[in-house]
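This chain uses plain numbering: 1 for the first residue, then up along the sequence. Computed from a predicted structure; not experimentally measured.
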Amino acid sequence: MKVMQIMGGSGEGGLEKHVVELSNAMSAKCSVVVVAHPKYEGRFSDRVIFVPLDLSKSRRNPLLLFKLLRIIKAHQPDIVHAQANKAGLIIASLKGLLSCKTVVTIHNLKKNLGFLSKFDLSIGVSEGVVGQFSDAVSKKTVYNGIPKPHVSHTPILPAFSDEQLPTVLSVGRLVPAKGFDVLLAAWEGINANLVIAGDGPDRQLLEEMIQTSLHLQRHVHLLGHRDDVPNLIATADMLVISSRREGFSYVFSESLLLETPVISTDVPIPNEILPREYICAVEDVEALRRLIEVSIEQSAIIEEHFTPIYKYAAENLTIETMVEQTWSAYQAL
């Protein structure tokens with residue numbers, strides 16, 4: 001079997017990580033061709049055939065569509081797998097000219113997914129994402145699996161005024177979707193230290209929120225971008241996800257695989273795996289504050305409750321499971 005992966009963007013995030021890891025692992029089972037922006041070429045294994053093509057420009061560009069069609073015809077894949085919306089829209093526009101089976105993976109909550117009707121199979125990275133697939137011919141949930149996170153050292157953190165308090169971690173791009181403003185508002189009066197790892201356009205807003213509160217100045221640090229997130233997770237007492245929306249949270253999977261408990265707002269995939277007592281409403285400051293306070297107070301009970309959740313993660317949120325489920329979907333087509 002020959003599978004062609006199509007990636008339309010040029011960013012640096014979960015989508016790109018997914019395509020690289022899936023393609024490299026899948027190349028042990030079948031022939032894999034990847035069509036993507038030239039910047040990614042060095043990230044794929046020698047077994048993967050990489051074809052550089054910048055698809056980050058307009059998806060309606062006739063020359064771009066012609067180039068991609070010519071590449072597909074030259075390699076004659078059995079399956080073309082479009083990754084995310086842009087690649088999906090491009091392949092949907094070419095569907096009438098293709099003789100192979102087509103698959104698309106949607107990585108986030110999106111509107112206007114009518115183009116899914118053009119695909120033989122639509123995959124969502126969470127049940128929440130698949131719930132949007134009203135136009136899909138066939139649909140399947142495949143969680144984004146990851147390799148077991150590697151912990152190499154104890155991370156260096158800024159000094160807190162009270163180092164004896166529990167340390168809670170939150171990770172992500174500093175953008176409105178991640179809800180860090182809600183988290184800081186909820187942190188007022190909480191007797192614990194909070195570290196937030198990540199950078200982004202909301203950093204100044206969050207710094208201003210911290211500076212206007214003496215409590216937050218004492219108990220909250222913005223770490224900026226960190227390359228040692230697994231180390232941070234492993235040393236934290238708990239991870240909190242405060243997002244307004246998610247398609248799939250990689251840090252959620254990392255935390256469970258490292259056996260660090262997680263509490264979250266009501267977003268995929270935490271709301272598909274965690275017991276309801278560890279989930280609160282989105283954008284509800286008081287509900288998030290209560291959840292954090294109760295979870296800190298009952299830390300010993302939480303560890304007991306999370307034992308089967310860690311086991312589930314070890315069996316279902318790994319790259320091996322993701323590859324096997326995707327391979328089964330290919331074979332079924």
Subject >> Derivation and outcome, side chain to side chain donor-acceptor pair (under 3.5 Å), residues His81 and Thr105 >> reply: CA-CA 8 Å; His81 190 159; Thr105 294; 2.7 Å; yes

Side chains of [X] and [Y]: does their closest heavy-atom pair fall under 4.5 Å?
| X | Y | result |
| --- | --- | --- |
| Ile233 | Val151 | no |
| Thr326 | Met322 | yes |
| Val129 | Ile123 | no |
| Ile49 | Val32 | no |
| Ile106 | Val104 | yes |
| Leu64 | Leu53 | yes |
| Asn85 | Phe115 | yes |
| Ile269 | Glu246 | no |

Whether [X] side chain and [Y] backbone form a donor-acceptor pair below 3.5 Å:
| X | Y | answer |
| --- | --- | --- |
| Gln83 | Gln5 | no |
| Ser23 | Val20 | no |
| Ser295 | Leu291 | yes |
| Ser170 | Val240 | yes |
| Thr235 | Asn231 | yes |
| Thr141 | Gly124 | no |
| Thr167 | Asn193 | no |
| Lys2 | His75 | yes |
| Asp237 | Pro166 | no |
| Ser126 | Gly247 | yes |

Give, for atom [atom1] of [X] and atom [atom2] of [Y], the distance between the pair rounded to the nearest 0.5 Å.
| X | Y | atom1 | atom2 | value |
| --- | --- | --- | --- | --- |
| Thr102 | Met4 | OG1 | CE | 13.5 Å |
| Leu274 | Asn271 | CG | CG | 8.5 Å |
| Ser243 | Arg173 | OG | CZ | 13.0 Å |
| Ile196 | Leu169 | CD1 | CG | 9.0 Å |
| Ile156 | Asp228 | CD1 | CG | 9.0 Å |
| Ser122 | Lys139 | OG | NZ | 9.0 Å |

Quick check: are there more than 12 heavy atoms from other residues, nucleotides or ligands sitting under 6.0 Å from [atom1] of [X]?
| X | atom1 | value |
| --- | --- | --- |
| Phe66 | CZ | no |
| Gln204 | CD | no |
| Arg245 | CZ | no |
| Gln76 | CD | no |

Subject >> Closest non-hydrogen atom pair, Ser56 against Lys86 >> reply: O-NZ, 2.6 Å

Of all residues at least two apart in sequence or in a different chain, which pass the salt bridge (charged side-chain N to carboxylate O under 4.0 Å, His left out) check with [X]?
| X | value |
| --- | --- |
| Glu127 | none |
| Glu208 | none |
| Glu16 | none |
| Asp120 | Lys95 |

Not counting sequence neighbours, list each pair that qualifies as a salt bridge (charged side-chain N to carboxylate O under 4.0 Å, His left out) and has a residue in [range].
| range | result |
| --- | --- |
| residues 319-329 | Lys29-Glu324 |
| residues 146-160 | none |
| residues 30-49 | Glu12-Lys39, Glu12-Arg43 |
| residues 248-267 | Asp266-Arg276 |

**OP:** Kindly state each residue pair satisfying ring pair (Phe, Tyr, Trp, His ring centres under 6.0 Å) with at least one member in residues 118-168, sequence neighbours excluded.
**Re:** Phe160-His221

**OP:** Check step by step if side-chain contact (heavy atoms from CB on, under 4.5 Å) holds for Leu157 and Leu223.
**Re:** CA-CA 8 Å; Leu157 296 176; Leu223 303 180; 3.9 Å; yes

Original post:
Who passes ring-ring contact (aromatic ring centres under 6.0 Å, His included) against Phe306, sequence neighbours left out?
Top reply: Tyr278, Tyr310

Original post:
For the residue pair His18 and Tyr250, is the inter-centroid distance of their aromatic rings smaller than 6.0 Å?
Top reply: no

**OP:** Classify the ring geometry between His215 and His219 as parallel (under 30°), tilted (30 to 60°) or perpendicular (over 60°).
**Re:** tilted

**OP:** Evaluate side-chain contact (heavy atoms from CB on, under 4.5 Å) for Leu68 paired with Ile6, printing each intermediate quantity in order.
**Re:** CA-CA 9 Å; Leu68 178 58; Ile6 311 286; 3.9 Å; yes

Subject >> Trace of the side-chain contact (heavy atoms from CB on, under 4.5 Å) decision for Glu207 with Leu222 >> reply: CA-CA 8 Å; Glu207 287 176 339; Leu222 301 182; 3.5 Å; yes

**OP:** Quick one: list whatever passes side chain to side chain contact (heavy atoms under 4.5 Å, CB included) with Val294, sequence neighbours left out.
**Re:** Gln298

**OP:** Apply side-chain contact (heavy atoms from CB on, under 4.5 Å) to the pair Ile79 and Cys100, showing each step before the final yes or no.
**Re:** CA-CA 6 Å; Ile79 293 173; Cys100 57; over 6 Å; no

Run the side-chain donor-acceptor check on residues 181-190: report pairs under 3.5 Å with partners two or more places apart or on a different chain.
{"unit_1": "Asp181", "atom_1": "OD1", "unit_2": "Arg244", "atom_2": "NH1", "d": "3.0"}
{"unit_1": "Asp181", "atom_1": "OD1", "unit_2": "Arg244", "atom_2": "NH2", "d": "3.3"}
{"unit_1": "Asp181", "atom_1": "OD2", "unit_2": "Arg244", "atom_2": "NH2", "d": "2.9"}
{"unit_1": "Trp187", "atom_1": "NE1", "unit_2": "Ala192", "atom_2": "O", "d": "3.0"}
{"unit_1": "Glu188", "atom_1": "OE1", "unit_2": "Ser213", "atom_2": "OG", "d": "3.3"}
{"unit_1": "Glu188", "atom_1": "OE2", "unit_2": "Ser213", "atom_2": "OG", "d": "2.6"}

**OP:** May I have the step-by-step check of salt bridge (charged side-chain N to carboxylate O under 4.0 Å, His left out) for Arg289 and Glu286, ending in yes or no?
**Re:** CA-CA 5 Å; Arg289 180 183 290 125; Glu286 290 304 318; 2.5 Å; yes

